[in-house]
Amino acid sequence: MAFQEKSAWIMSVTFLVGILSYFSAVASITQDTGVMPHPAEVSFGIYGYILFIIICHIVIASLAPKDADTPTDERERKIFDRASHISADVLGIGVFLALGFYFFNKDGNILFYGVFFSFLFCQLVEHIAQIVLYRRAI
Amino acid sequence: MPKKLPITNRVRELRERHSMTQGDLGDAIGVTRQTVAAIEQGAYSPSLESAFRIARVFKVGIEEVFEWDG
């Protein structure tokens with residue numbers, strides 16, 4: 001398996017866990033307090049999450065240093081371009097929905113969480129699309 | 001099993017005839033071993049530049065390596 005594909009697997013799993021953890025925390029606080037928390041109040045996990053992703057990449061790079069040093073080739077660039085295109089569509093739809101929701105509810109926190117979720121979800125979709133494209137004809 | 005593209009090739013046959021590994025061929029034409037494997041399986045059609053590089057490595061014409069089979 002190519003280093004970039006391993007990286008896509010790690011990013012997919014960590015993004016999925018990250019999204020579920022983050023929004024579970026937001027939902028839990030909202031349920032306890034009856035008010036949606038300000039985004040700054042639930043930023044604590046993000047730093048640990050970023051550190052975890054960096055550590056994962058260092059581990060897979062140290063297991064196969066030659067693969068990690070290999071620059072992306074033409075097929076991988078094509079895969080990344082297509083995955084990025086799909087991801088951009090998902091982000092656009094998510095932001096559009098978040099803006100629409102804000103338009104009717106006038107709640108800035110929901111707008112923030114909507115856009116933030118769209119950003120995280122589009123990254124997840126991008127990595128999943130990379131994995132799928134690595135395994136099929138392009 | 002990835003779907004097949006309309007271009008067939010003899011890369012595996014020529015590579016084995018030249019006693020090269022997928023990694024050797026990948027290094028020679030500037031792609032990864034995984035991309036050479038995808039080309040051999042018919043799951044990826046290389047760029048024109050890479051196709052010419054492959055033919056040049058095997059010292060044959062490009063039409064002896066790749067064929068349209070659509």
Side-chain angles (χ1 to χ4, degrees), chain A residues 1-16 53-90 123-138, chain B:
Chain A
M1 190 187 289
F3 175 78
Q4 301 293 346
E5 191 178 353
K6 284 180 199 159
S7 170
W9 271 106
I10 286 176
M11 293 302 282
S12 297
V13 172
T14 53
F15 260 97
L16 186 62
I53 289 175
I54 292 169
I55 291 169
C56 285
H57 274 90
I58 290 170
V59 169
I60 60 166
S62 62
L63 291 175
K66 192 179 170 232
D67 281 354
D69 282 342
T70 307
T72 54
D73 68 9
E74 58 181 50
R75 175 170 165 265
E76 289 173 325
R77 283 194 292 275
K78 201 171 172 183
I79 287 170
F80 295 158
D81 284 350
R82 284 202 190 173
S84 179
H85 184 83
I86 295 166
S87 163
D89 287 348
V90 170
Q123 290 297 306
L124 174 64
V125 168
E126 181 167 345
H127 295 302
I128 290 172
Q130 286 175 3
I131 292 166
V132 171
L133 291 169
Y134 262 109
R135 285 156 188 273
R136 55 169 279 195
I138 56 164
Chain B
M1 186 74 182
K3 72 173 183 183
K4 298 278 179 166
L5 296 172
I7 297 173
T8 57
N9 68 74
R10 294 172 53 225
V11 172
R12 181 189 292 268
E13 178 194 331
L14 291 164
R15 177 177 62 75
E16 287 173 351
R17 195 183 294 170
H18 285 75
S19 304
M20 293 176 86
T21 65
Q22 290 178 334
D24 294 337
L25 181 58
D27 290 342
I29 64 169
V31 301
T32 60
R33 184 192 64 75
Q34 288 80 11
T35 294
V36 172
I39 292 169
E40 289 184 354
Q41 289 166 14
Y44 175 65
S45 295
S47 66
L48 192 56
E49 186 180 329
S50 291
F52 271 108
R53 285 183 195 276
I54 291 169
R56 193 168 172 176
V57 167
F58 297 139
K59 298 183 175 62
V60 293
I62 194 169
E63 69 283 355
E64 289 181 57
V65 186
F66 297 95
E67 188 177 338
W68 178 260
D69 192 30

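In what follows, chains carry the letters A, B, and so on, assigned in the order in which the sequence lines appear, proteins first and then strands, with residues in each chain numbered from 1.
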Sort and list the pairs that fulfil ring pair (Phe, Tyr, Trp, His ring centres under 6.0 Å) and have at least one residue in residues 20-50 of chain B, not counting sequence neighbours. none
Which of residues 8-15 of chain A have a heavy atom under 4.5 Å from any heavy atom of chain B?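 Against chain B, none of the residues of residues 8-15 of chain A fall inside the cut-off of heavy atoms under 4.5 Å.
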Of all the residues in residues 74-84 of chain A, which have a heavy atom that comes within less than 4.5 Å of a heavy atom in chain B?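 Against chain B, the residues of residues 74-84 of chain A that fall inside the cut-off (heavy atoms, under 4.5 Å) are A:Glu74, A:Arg75, A:Glu76, A:Lys78.
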Best-contacting candidate, B:Gly26, B:Ser47, B:Pro46, against chain A by heavy atom pairs under 4.5 angstrom: B:Ser47
Over 12 foreign heavy atoms within 6.0 Å of NE2, A:His85: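 Not more than 12 within 6.0 Å, no.
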Got a sec: does the CD of B:Glu67 have more than 12 other heavy atoms crowding it under 6.0 Å? no
Could you work out, with side chain to side chain contact (heavy atoms under 4.5 Å, CB included) as the rule, every residue matching B:Ile62, not counting sequence neighbours?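 B:Ile62 satisfies side chain to side chain contact (heavy atoms under 4.5 Å, CB included) with B:Leu48, B:Ala51, B:Phe52, B:Ala55, B:Phe66 once adjacent residues are dropped.
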How far apart are the closest heavy atoms of B:Thr32 and A:Asp73, and which atoms are they?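 So the minimum-distance heavy-atom pair works out to N-OD2, 2.9 Å.
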